[in-house]
Amino acid sequence: GSTSAAPPPSFKQLTEAEIALLADADACALLPLLSPLLPFPAAKALPENDRTRALDPAARFEASHALLARLFAARLQKVPLCLLLDDAHTLSSDALALVSRLAHGVPQLLVIMAQRPKRATASPSSPKPTAVDGGSPGGAPSDDDARGSLQAIAEVLAVRGLGEDDESALLQSLLGVAALPAGLAAAVRARSAGNPYFAKEVLHSLTFSGQLTVEDGACVVTGGGGGD
């Protein structure tokens, strides 16, 4: 059978701000700065030009972030957006700078970041700072500066660990039992510190090793599963 190509997007789908952005020759000339963020076919369609080649790393960094902020603001002119970033403690300084730029400059954007407390030292597996243009971070601010800029406008909600009763209830629910063997809740808590994800992983480790089994709706602990 015959197939038909999807119709091109209508200008009616664009906001006034997006149409104005398309008519801005300077903004369009900077679009190649965003090519690393695009799939290969689209990136290939945005080759470097005299305008972008003349920019040093710091200028590329600033221009790319400014352009992204304009694109977000134009797209969200009529419809607000919630941007959720998990594991935000792993974000590089330039990524944090971009999020800060968006949070400060796009009022229609709500940013929610979930992160662990700041680490004393960086993990060897932490991502290395990489500028949005794929080259040197150049004008990227330090990690502390980027996070400080975000915290200046953020409402920080500290998520504390589960209390003993709540963690015990979680363990019972995960195991499908009405009661826990003596010492099991304390042993899990000593390793999880009330973190529900860690508590689940401790249970998984105990059951995988055979130290904890569920028989006829009751827990059975063998070996050191209920101790230190």
Side-chain angles (χ1 to χ4, degrees), residues 15-18 20-21 24 27 30-31 33-38 55-164 166-167 170 189 192-201:
T15 66
E16 292 180 4
E18 286 177 306
L21 195 58
D24 186 329
L30 294 174
L31 286 176
L33 296 178
L34 307 184
S35 61
L37 306 178
L38 303 174
L55 299 175
D56 61 32
R60 291 176 71 89
F61 182 90
E62 170 62 25
S64 60
H65 282 200
L67 182 56
L68 279 170
R70 288 187 64 184
L71 288 171
F72 265 85
R75 175 77 287 193
L76 304 181
Q77 187 181 46
K78 296 181 179 179
V79 181
L81 176 71
C82 176
L83 178 63
L84 176 60
L85 300 173
D86 199 7
D87 291 330
H89 53 279
T90 66
L91 293 178
S92 60
S93 59
D94 62 307
L96 286 169
L98 174 58
V99 174
S100 179
R101 183 72 170 257
L102 296 177
H104 280 273
V106 185
Q108 306 92 332
L109 179 66
L110 171 65
V111 179
I112 300 177
M113 300 173 64
Q115 64 182 35
R116 297 178 188 176
K118 185 177 179 181
R119 299 161 297 185
T121 57
S123 167
S125 61
S126 298
K128 300 296 188 294
T130 303
V132 71
D133 65 359
S136 169
S142 69
D143 186 86
D144 288 341
D145 287 343
R147 291 187 185 277
S149 177
L150 278 170
Q151 290 175 354
I153 60 170
E155 179 179 357
V156 180
L157 303 177
V159 180
R160 304 188 183 281
L162 296 176
E164 293 182 9
D166 289 334
E167 186 166 19
L170 173 65
R189 187 169 184 81
S192 70
N195 184 310
Y197 175 77
F198 292 164
K200 180 179 178 181
E201 290 300 299

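These figures come from a predicted structure and were not determined experimentally.
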How far apart are the closest heavy atoms of Leu102 and Ala69, and which atoms are they? CD2-CA, 3.6 Å
Once rounded to the nearest 0.5 Å, what's the spacing between atom CZ of Arg101 and atom CG of Leu96? 15.0 Å
Give a yes or no answer on whether the side chain of Asn195 reaches the backbone of Phe198 with a donor-acceptor pair at less than 3.5 Å. yes
Would you give the length of the straight line joining atom CZ of Arg189 to atom CG of Leu162, rounded to the nearest 0.5 angstrom? 7.5 Å
Do Leu81 and Val106 come close enough that some side-chain heavy atom pair is under 4.5 Å? no
To check you understand the geometry: which heavy-atom pair defines the closest contact between Leu33 and Ser64, and what is its length? CD1-N, 3.9 Å
Assess the residue pair Asp24 and Arg70 against the criterion (side chain to side chain contact (heavy atoms under 4.5 Å, CB included)); give the C-alpha distance rounded to whole Å, side-chain angles, the decisive distance to 0.1 Å, and a yes or no. CA-CA 11 Å; Asp24 186 329; Arg70 288 187 64 184; 3.2 Å; yes
Exercise: identify the closest heavy-atom pair between Ser192 and Ala199: CB-N, 3.6 Å
State the CG-CG distance between Leu83 and Leu109, to the nearest 0.5 angstrom. 5.5 Å
Taken to the nearest 0.5 Å, the spacing of Leu110 CG from Leu84 CG works out to 9.5 Å
Value rounded to 0.5 Å, distance of CG in Leu30 from CZ in Arg60: 9.5 Å
So do Leu91 and Met113 actually touch side chain to side chain, heavy atoms under 4.5 Å? yes
Does atom CD of Gln108 have more than 12 heavy-atom neighbours from other groups under 6.0 Å away? yes
